[in-house]
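Everything below concerns the one structure shown next.
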Amino acid sequence: MLRFEFMVAWRFLKEARSQTFLILAGITIGVAVQIFLSSLIGGLQDNLVASTVGNSPHIVLESFEDPPRSILGERGNPQTVVLPTVRAVREDSLLLSWQPLQESLSRNTELTASSPLAQGSGFLARGSANRPVVVKGVDFPQADRIYRVTSRMVEGEARLGGTGILVGKGLASDLSLTSGDSVQVSTADGASATFTVNGVFDLETQVVNDSWVFMDLSRAQALFNFTGALTRIEMQIPEVFQSERIAERLKREFPGYRVETWQTQNQQLLAALQSQSASSLMIQFFVLLAVTLGIASVLAITAVQKSKEIGILKAMGARTASASRIFLLQGAILGITGSIMGSLVGTGLIQAFTLLTESTGGALTFTVRVDPSNVLALVIISTTASTFAAIYPARKAAKLVPIEVIKTG
Amino acid sequence: MAMIKLNKVNKIFGKEVKTQVLFDIDIEVPQEQFMALIGPSGSGKSTLLNLLGALDRPTSGDIIIGRQNLSLLSENKLADFRNRFLGFIFQFHYLLPEFTALENVLMPHWISGGGNDHRITREAKRLIDRVGLSSQMHKRINLLSGGQQQRIAIARALLNRPKLILADEPTGALDSKSGDQVLELLQEVNSENHTTFIVVTHDRNVAMRAERIVELRDGIICKDLKPSVIGTERTMEELESHECTV
């Protein structure tokens, strides 16, 4: 059906070499820029999300923070009111009987880790020097799946248990700590205990490296007087943007608890990512528009140049729609060829860019990857756009009256 | 039987400034006739040829070609009609420079939706051979001389075995030797294939070789002569005079 039109379209393009080359170059550059840009921004965003989420759990499960009860509770004795009530409020914000929860979460196949955490703030002292720290009491094998401490050790051994603790790189250098050193950890309540530094980690975030201390869960519970309770359970999932969906399911499964995702903690980052995506899309749209207009104008010129041929084809019985299709097909052929070439060039550019930054010593702090589905989408969009660009010349060809071109021949 | 029958055909160009180019043309052309259409420029002969070629529609009147009333056909049906029923040969051969000689000859077949079957390719090659250009078959059109191009255009016009061939100054752009060859070829095709020919020309020598000469003047048929019946001399005299005899 389209055989004849395709043949003519193909031959027109093949013979108008320099024009065809220019349009193809235009589409190629356009698509290459789009792929380069979207991959770069995509890589940057992935990296931002990864570094944000890398040191924090994707989903956390906590107890609801009940409003404080009336100080004059049912116990009614004013002398004993204050202390137990304050304690009760604090206990309410902790997870009390968490073992069944943890058990059920650890069986959940959607989660890659579920790690009980007893967290509190305190001071770590070595000799007379001391620094404020965040103490993370964890079940180390589970926590390691979230924080990947083992693979990011700079010194010593990634091991907790007993009085062993792990400290961050910043804190270690600040207090000249190395493994085997004894330190004193004290809490705001005045409790304190002696621990041994087992190793030093580098989680690639300064605040974390300066203040975090990992210790065994039961030690932390004892230190903060949690009496077996937890601050929260932290969870990790394979695909970070699935968090809301999984969190919804957990909320239904554990209605008595508060379930939060990393997004709740990072609204600002998400807004930044969104506006970055929007501006990237905007640039891509205008690149596409410029390319499309270019194709339209070159094909319109072709339609004028080829009017004699179109006229003669019509005189020989080519229908109006057929004449239009010749130009639409030219647009489609240009679009698909140009965008495939553009995809290759764009991917090549990314490779070159990565190599270049590596060779000049400024290795990228993030990986740029070309997303195949994005490339496919671009090829489809560009091909559609160039076919649309051919509508104007196609209409010109359709309107062409054969006798007029034959007469003026 | 009449191949062509025109009934009170008028053609008016323009919307605000109206110019009537053809006035109540009545003419019949029998099958197999080789007719020359002559007339000074502006006489309306090209307009008439375009109407006959289903490239344009009359303002009023009927054109019947081979039992088909053209005014009853839609644009698409007219296009199909041109493809199957008519062959065109123009002054400027109008071949497609992007294609080879053989491909140009095959073009009408491709337009009608046909593929590359052997039968039609053999037929195209036979026609190219018939016009004496077998050796040039696979050459790009613009590598051929004007006369050769016109002969390829004739081969193309013959491919779909049309009943009617319309030629507009087929020798106009050629030197007299190639012009003669082309004209001979047309006449041979006329007698071999029983194809009706209408040739527009202002070359009196070309006209004199036709079976019938029709002269248009100011949009009306002014003379209708048959050289074979009234003799060459008489025909020449008639053509010289400015009196209309129809």
For this session: Check whether Lys306(A) gets within reach of chain B through its side chain, its backbone, both or neither, counting any heavy atom under 4.5 Å.
Result: side chain
Exercise. Strictly by modelled atom types, are Gln19(A) and Gln305(A) linked by a side-chain donor-acceptor pair under 3.5 Å?
Worked result: yes
For this session: Among the options Asn160(B), Asp56(B), Asn83(B), pick out the one with the most heavy-atom pairs lying under 4.5 Å from chain A.
Result: Asn83(B)
Problem set entry | Interface residue of largest heavy-atom contact number with chain A, from Pro108(B), Ala54(B), Gly53(B), Gly115(B), under 4.5 Å | Gly115(B)
Exercise. Picking from Glu15(A), Met316(A), Arg11(A), which has the most non-hydrogen pairs under 4.5 angstrom with chain B?
Worked result: Arg11(A)
Exercise. Does a salt bridge link Asp80(B) with Arg319(A), judged by any charged N lying under 4.0 Å from a carboxylate O?
Worked result: yes
Problem set entry | Side-chain donor-acceptor pair present, Gln31(B), His194(B), cut-off under 3.5 Å | no
Problem set entry | Most contacts with chain A, counted as non-hydrogen pairs under 4.5 angstrom, among Gly87(B), Ser112(B), Pro97(B) | Pro97(B)
For this session: Might you confirm whether atom CZ of Arg245(A) has over 12 heavy atoms from other residues, nucleotides or ligands at distances under 6.0 Å?
Result: yes
For this session: Please state whether the side chain, the backbone, both or neither of Phe99(B) comes within less than 4.5 Å of a heavy atom of chain A.
Result: both
Exercise. Do Ser60(B) and Asn10(B) have side-chain N/O donor and acceptor atoms under 3.5 Å apart?
Worked result: yes
